[in-house]
Number of protein chains: 2
Amino acid sequence: MPELTISQYSLVYNMFSLTIACMWASFAFFVLAKNQVAPRFRISLIVSALVVGIAGYHYLRIFQSWGEAYQLVGDAYVASGVPFNDAYRYVDWLLTVPLLMVELVLVMGLVKSVQNSLIARLSIAAFLMIALGYPGEVLPAEAKTGMFSAYGMWGFLSTIPFVYILYVLWVELGKTMDKQPPKVRMLLRNIRLLTLATWGFYPIAYMGPFIGLGSGAGAEVFVQVGYTIADIAAKCGYGIMIYNIARAKTEALEESTAVEERELVNA
Amino acid sequence: MPELTISQYSLVYNMFSLTIACMWASFAFFVLAKNQVAPRFRISLIVSALVVGIAGYHYLRIFQSWGEAYQLVGDAYVASGVPFNDAYRYVDWLLTVPLLMVELVLVMGLVKSVQNSLIARLSIAAFLMIALGYPGEVLPAEAKTGMFSAYGMWGFLSTIPFVYILYVLWVELGKTMDKQPPKVRMLLRNIRLLTLATWGFYPIAYMGPFIGLGSGAGAEVFVQVGYTIADIAAKCGYGIMIYNIARAKTEALEESTAVEERELVNA
């Protein structure tokens, strides 16, 4: 762990604390706002709650590990010798990333057979994406060199399911999106872009050692702060977009019921 | 950190503890009282619950940091050397202040397009107001001098979105307020005044170093106690006013439904 100034250490520390607050507040939100959407979309909000609840727990652990990995010596924070357990992130993602795929498919309200097939394929691909990155992440720092090292190989293997997920989201889901109400279609396009933008950060952080982001205080702060922003956007922000989709679909449902009732009265 | 007498230290300690109790009690209240208002206003109470929940978490951390920053030596509390993490306040405000704007706009029950535009503008302005104050706050104490220092500049930049928020609340929201029932109009005027009165304390605390409030035991106690009172009023008190507005609107709604039903019966 590189030596950090007090403000560098505090920035990471405060961002971890901010993430804990965001995750637990989002958990409360999804639980409390569940009944604001039609019954068939509630399961999607429940899954959103699980994702941020799991991440909130892991960030408590990451926060604690960060505190233990450093000690204040004079005017600087230096490594205490206790390793910073960055691998918590992979344990978190192993659970949460497949669930993010599940909540997205559930909120679309597709035909059962299509829905089940999409959930199975997307969540298995998400699981493989994380599981194949982990053996690379836990290699010692000195082994994280060169594209053609073991580190590069695990990164490459992990990219295959990532590309598959993008293919399913853009090509397969793209087809079913035309059947959604216009407002929902727009929201689904946005959530797909959010997924690409936030998930895009993780491979960049993984490739850090290749692009001169491997060591040094600046790189450490950049990667940790980047992870927190990506996690908040990809879990809390993503969940709020799922809620908005569920709300838009609930309103569309209520409108069509109201129209039906008026027609019945007039008939 | 200045040396404090036992009663000075205890006053701050007890005020922090009081704030934790207020925040969590308010959280319970907003969750439990949610169904006392019409469904369309519940989301506003949910957001109120998130605000005090997030603040309750941060006050737990501030409380702990206060305890670690001091140690009892003889008859006085002296700095232990562990820095008091006042920046938690900024992390808290970064989340809660935009949400305070969201709950206010939501409870007004405006047309969707007006509502979304107000939420976007007010919450971005609130976020900028806090984010621009943070770099000033984390400057070392000796740099917090003179209006024309970097400290003064961050304070000034942070004031721009603050003034914008006041403009939107008084000018833009003022126009839509005429369409609200008279009782609700009065409550909305009060909540706007509460916002101005409580938010007004934060810039005063920030300007402390310019007005002789920068150091010394009295200044430290004044600022910390002032923050807790401002936070309780601006979050718990504000949330209770939101609840009262939601109740008044629920009653107005029930009355108009009752009138409609009576008319149907008479027809």
Side-chain angles (χ1 to χ4, degrees), chain A residues 5-38 45 49 52 56 59-60 63-64 67 71-75 77 183 186-187 225 228-229 232 236-237 239-240 243-244 246-248 250-251 254-255 265, chain B residues 27-28 30-35 39-62 64-65 68 80-96 98-99 102-103 106 112-113 116 119 130-131 134-135 137-140 143:
Chain A
T5 67
I6 290 181
S7 65
Q8 282 174 330
Y9 173 86
S10 303
L11 178 62
V12 174
Y13 180 95
N14 289 332
M15 287 301 290
F16 284 165
S17 181
L18 173 79
T19 311
I20 294 170
C22 284
M23 295 297 174
W24 289 113
S26 302
F27 179 79
F29 177 75
F30 298 132
V31 170
L32 293 171
K34 179 168 66 79
N35 291 354
Q36 304 287 315
V37 305
L45 265 68
V52 291
Y59 263 92
L60 277 176
F63 183 75
Q64 197 193 357
Q71 56 189 16
L72 187 61
V73 177
D75 260 0
Y77 276 92
K183 203 187 155 190
M186 196 255 300
L187 290 168
V225 171
T228 59
I229 295 172
I232 292 172
C236 308
I240 289 165
Y243 170 77
N244 283 333
R247 275 295 307 164
T250 302
E251 276 161 27
E254 279 165 1
E255 239 161 69
V265 169
Chain B
F27 179 80
F30 299 132
V31 169
L32 295 170
K34 178 167 67 79
N35 291 354
R40 70 177 79 168
F41 305 121
R42 283 182 196 158
I43 190 75
S44 196
L45 265 68
I46 292 172
V47 179
S48 298
L50 299 187
V51 167
V52 290
I54 292 169
Y57 161 76
H58 282 115
Y59 264 92
L60 277 176
R61 291 231 176 264
I62 291 170
Q64 196 193 356
S65 179
E68 286 167 0
S80 69
V82 180
F84 176 56
N85 192 354
D86 229 0
Y88 273 133
R89 300 194 177 283
Y90 281 80
V91 179
D92 179 65
W93 298 334
L94 207 58
L95 292 171
T96 54
L99 289 176
V102 172
E103 59 183 276
L106 284 177
K112 257 290 159 59
S113 58
N116 292 345
I119 286 180
I130 309 300
Y134 181 81
E137 180 65 36
V138 295
L139 285 173

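Keep in mind the model is a prediction, meaning the values are calculated, not measured. Proteins come first, then strands; the chains are lettered A, B, ... in the order of their sequence lines, and each starts at number 1.
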Turns out that what part of A:Phe27 lies under 4.5 Å from chain B's heavy atoms comes down to neither
Taking all heavy atoms of B:Ile46 and all of A:Leu32, pick out the closest pair and write down the distance.
CD1-O, 3.4 Å
Given heavy-atom pairs under 4.5 angstrom as the criterion, report whether the side chain, backbone, both or neither of B:Asp92 touches chain A.
neither
Do A:Ile20 and B:Arg61 make a side-chain contact, defined as non-hydrogen atoms from C-beta onward lying under 4.5 Å apart?
yes
Are A:Phe29 and B:Ile43 side-chain neighbours, meaning at least one heavy-atom pair lies under 4.5 Å?
yes
Proximal component of B:Val138, with respect to chain A [non-hydrogen, under 4.5 Å]
neither
More than 12 heavy atoms from other groups under 6.0 Å of CD on A:Glu255:
no
Determine whether B:Asn85 and A:Ser10 satisfy the following criterion, side-chain contact (heavy atoms from CB on, under 4.5 Å), listing intermediate values before the conclusion.
CA-CA 9 Å; B:Asn85 192 354; A:Ser10 303; 5.9 Å; no
Are B:Tyr90 and A:Asn14 linked by a side-chain donor-acceptor pair shorter than 3.5 Å?
no
What part of A:Ser7 is in contact with chain B, defined as an atom under 4.5 angstrom from a non-hydrogen atom: side chain, backbone, both or neither?
neither
Of all heavy-atom pairs linking B:Leu50 and A:Ala25, the shortest is CD2-O, 3.2 Å
For B:Arg40, is it the side chain, the backbone, both, or neither that has a heavy atom closer than 4.5 Å to a heavy atom of chain A?
neither
